[in-house]
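For reference, the structure is listed below as structure tokens.
Remember, it's a predicted structure, so these values are computed and weren't measured experimentally.
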Amino acid sequence: CHCYNALARSYQRYRMFDAFINKYRIRKSGKIMGKIIELKNVKKVYHMGNERIKAVNGVSFEINKGEFCCLLGTSGSGKSTLLNLMAGIEKASSGEILLKGYDIRHMSEKNLADFRQHYLGFVFQAYNLIGSMNAVENVELPLVFKRVDAKTRRRLAEQMLKQVGLGSRLTHKPKEMSGGQQQRVGIARAFVAKPEIVFADEPTGNLDTKTTMEVMELIHAMARRNRQTIVMVTHDPRLASYGDKIIHILDGNIQNVEVIKTAEQIEEESRIEIEKFKELQKEQKKAREEKLAKLMGKKTEEIKDEANKDN
């Protein structure tokens with residue numbers, strides 16, 4: 001009876017979420033042609049006394065599913081504000097912001113929070129880890145909000161931390177890790193629930209050059225492996241070169257949209273990355289089996305030695 005009631009409650013929550021999301025769905029005829037993010041004449045105006053500051057000034061663009069898109073601009077260009085608008089962290093003054101065809105600008109805070117939990121992930125410049133929690137517990141957080149059971153979320157969090165190279169740091173707290181390791185935890189947390197869109201605001205801003213490139217390679221590989229869409233803010237043209245699309249921003253306006261890779265090229269890179277990951281998993285499984293066999297063999301020899309002594 002208890003299991004049935006729990007299942008009924010979960011189904012009811014799903015139906016409620018589905019109902020509210022359909023309210024904001026922008027229904028169109030025909031296919032969406034791969035668009036996952038679309039901005040239409042979006043503006044953000046801040047009022048400071050009698051002065052009106054146009055942080056984002058009527059921008060329009062599209063991002064396709066699976067693209068790695070970089071918002072490139074100098075400090076104060078409006079790129080971080082634009083990312084916050086796309087992620088629903090700030091409200092646009094006017095215009096339309098469509099994510100997966102849903103108009104997020106008119107959602108309530110509660111519905112927007114539900115939407116973010118289901119579809120979005122975040123990588124922050126300052127890591128934003130909880131100091132009292134270890135690596136696994138930090139990575140588990142998005143799964144807790146999605147009501148994943150404790151055993152499953154622990155398994156998924158540990159798997160993700162191993163994927164980002166932190167298999168030996170599972171129980172370490174943030175203060176016991178370097179900046180690069182903390183950001184790897186942040187990446188694992190962003191990707192663990194497999195969100196369709198991941199927003200990253202200057203994710204390597206606090207890292208040295210070597211660690212920066214390692215983190216960028218990791219984010220790029222994770223996105224390709226899971227066919228996820230990345231929207232990253234950066235002021236560094238070297239980091240923007242990881243993008244499939246680069247949107248150049250100055251004074252709240254789009255100067256230029258640079259398309260680097262086609263959908264076919266992105267799909268081919270995803271296919272290659274997925275194959276590489278499968279091969280890596282096979283090698284890791286083989287290594288574990290060999291280690292286990294070696295331990296079992298050693299144990300067998302010890303048992304034989306003990307038996308011989310007794311005789």
(message) Between Arg189 and Glu140, does any side-chain N to carboxylate O distance fall below 4.0 Å?
(response) no
(message) Are Ile197 and Met107 linked, directly or through intermediate hydrophobic residues, by side-chain heavy-atom contacts shorter than 4.5 Å (ILVMFWY only)?
(response) yes
(message) Nearest 0.5 angstrom please: Lys43 NZ to Ser93 OG, how far?
(response) 9.5 Å
(message) salt bridge (charged side-chain N to carboxylate O under 4.0 Å, His left out), that's the test. Do Lys261 and Glu67 meet it? Break it down for me.
(response) CA-CA 9 Å; Lys261 292 175 184 174; Glu67 278 187 333; over 6 Å; no
(message) Tell me if a side-chain donor or acceptor on Ser178 pairs with a main-chain N or O of Gln181 at a distance below 3.5 Å.
(response) yes
(message) Surrounding NZ of Lys54 (heavy atoms of other residues, nucleotides or ligands, distance under 6.0 Å), is the total greater than 12?
(response) no
(request) Look at Arg224 together with Asp244 and state whether they make a salt bridge at an N to O cut-off of under 4.0 Å. (result) yes
(message) What I want to check is whether the side chains of Asn226 and Gln228 have a donor and an acceptor closer together than 3.5 Å.
(response) yes
(request) Could you tell me whether Lys294 and Glu290 have a side-chain N and a carboxylate O separated by less than 4.0 Å? (result) no
(request) Check whether NZ of the Lys or CZ of the Arg Lys44 lies under 6.0 Å from the centre of the six-membered ring of Tyr46 and within 45 degrees of that ring's axis. (result) yes
(message) Are Gln182 and Asn206 packed together at the side-chain level, in the sense that at least one heavy-atom pair is separated by less than 4.5 angstrom?
(response) no
(request) Indicate yes or no for a side-chain donor-acceptor contact from Thr152 to the backbone of Val148 under 3.5 Å, with no hydrogens or angles considered. (result) no
(request) Provide the closest heavy-atom pair for Thr229 versus Asn64 in the form atom of the first, atom of the second, distance. (result) OG1-O, 3.8 Å
(request) Considering only NZ, NE, NH1 and NH2 on the basic side and carboxylate oxygens on the acidic side, decide whether Lys276 and Glu279 come within less than 4.0 Å. (result) no
(request) Any chance you could measure Phe145, atom CZ, to Arg147, atom CZ, to the nearest 0.5 Å? (result) 10.5 Å
(request) For residues Val59 and Leu82, determine if any side-chain heavy atom of one lies less than 4.5 Å from a side-chain heavy atom of the other. (result) yes
(message) Strictly distance-based, threshold 3.5 Å: is any side-chain N or O of Asn138 a donor or acceptor partner for the main-chain N or O of Asn134?
(response) yes
(message) Grouping I, L, V, M, F, W and Y whenever their side-chain heavy atoms are under 4.5 Å apart, do Phe122 and Val164 come out in a common cluster?
(response) no
(request) Give a yes or no on whether the backbone of Gly88 and the side-chain of Arg116 come within a donor-acceptor separation of less than 3.5 Å. (result) yes
(request) For Thr81 and Ala55, indicate whether the former's side chain and the latter's backbone hold a donor-acceptor pair under 3.5 Å. (result) no
(message) My understanding is that only one of Ile254, Ile97, Leu85, Ile63 makes a side chain to side chain contact (heavy atoms under 4.5 Å, CB included) with Leu39; could you say which?
(response) Ile97
(request) Taking the six-membered ring for Trp and the full ring for Phe, Tyr or His, determine whether the centres of Phe68 and Tyr242 are under 6.0 Å apart. (result) no
(message) Contact between Met160 and Met222 at the side-chain level, heavy atoms closer than 4.5 Å - yes or no?
(response) yes
(request) Give a yes or no on whether Val198 and Tyr119 share a hydrophobic cluster (residues Ile, Leu, Val, Met, Phe, Trp, Tyr; joining criterion: side-chain heavy atoms under 4.5 Å apart). (result) no
(request) Of all the heavy-atom pairs spanning Met86 and Val231, show the shortest one and how long it is. (result) CE-CG1, 3.8 Å
(request) Kindly give the heavy-atom pair with the smallest separation between Leu120 and Pro195, and that separation in Å. (result) C-CB, 3.5 Å
(request) Report yes if some heavy atom in the side chain of Leu143 is under 4.5 Å from a heavy atom in the side chain of Leu156; otherwise report no. (result) yes
(message) To check you understand the geometry: which heavy-atom pair defines the closest contact between Val123 and Gly186, and what is its length?
(response) CG2-O, 4.5 Å
(message) Looking at Arg153 and Asp149, is any side-chain nitrogen of the basic one under 4.0 Å from a carboxylate oxygen of the acidic one?
(response) no
(request) Would you confirm whether Asn253, through its side chain, and Asp251, through its main-chain N or O, come within 3.5 Å as a donor-acceptor pair? (result) yes
(message) Side chains of Ser80 and Asp201: any donor to acceptor distance under 3.5 Å?
(response) yes
(message) Is it the case that the side chain of Thr211 and the backbone of Leu207 share a donor-acceptor pair, with hydrogens and angles ignored and the cut-off at 3.5 Å?
(response) no
(message) Do the side chains of Glu176 and Arg169 get close enough for a salt bridge, i.e. N-O under 4.0 angstrom?
(response) no
(request) Show your working on salt bridge (charged side-chain N to carboxylate O under 4.0 Å, His left out) between Lys210 and Glu214 and close with a plain yes or no. (result) CA-CA 6 Å; Lys210 180 177 179 294; Glu214 290 174 353; 2.6 Å; yes
(request) Determine the minimum heavy-atom distance between Ala87 and Ile104, stating which atoms define it. (result) C-CD1, 4.5 Å
(request) Carefully, step by step, assess Arg271 and Glu268 under the rule salt bridge (charged side-chain N to carboxylate O under 4.0 Å, His left out). (result) CA-CA 5 Å; Arg271 186 190 65 78; Glu268 178 62 14; 2.6 Å; yes
(message) Regarding Arg238 and Asp236, does a basic nitrogen lie under 4.0 Å from an acidic carboxylate oxygen?
(response) yes
(request) For a side-chain hydrogen bond (donor to acceptor under 3.5 Å, both in side chains) with Asn84, tell me which candidate from Glu90, Lys79, Lys91 qualifies. (result) Glu90
(request) Please name the pair of heavy atoms, one in Val42 and one in Glu96, separated by the smallest distance, quoted to 0.1 Å. (result) CG2-O, 3.2 Å
(request) Hey, could you give me the CD/CD distance between Gln265 and Glu269, rounded to the nearest 0.5 Å? (result) 7.5 Å
(request) Examine distances only and state if a side-chain atom of Arg105 and a backbone atom of Gly95 form a donor-acceptor pair shorter than 3.5 Å. (result) yes
(message) Between Lys245 and Cys70, is there a side-chain heavy-atom distance shorter than 4.5 Å?
(response) no
(request) Output yes when Glu196 and Lys65 qualify as a salt bridge under the 4.0 Å nitrogen-oxygen rule, no when they do not. (result) yes
(message) Run Glu38 and Lys35 through salt bridge (charged side-chain N to carboxylate O under 4.0 Å, His left out) and show every step you take.
(response) CA-CA 7 Å; Glu38 185 176 9; Lys35 287 185 293 189; 3.4 Å; yes
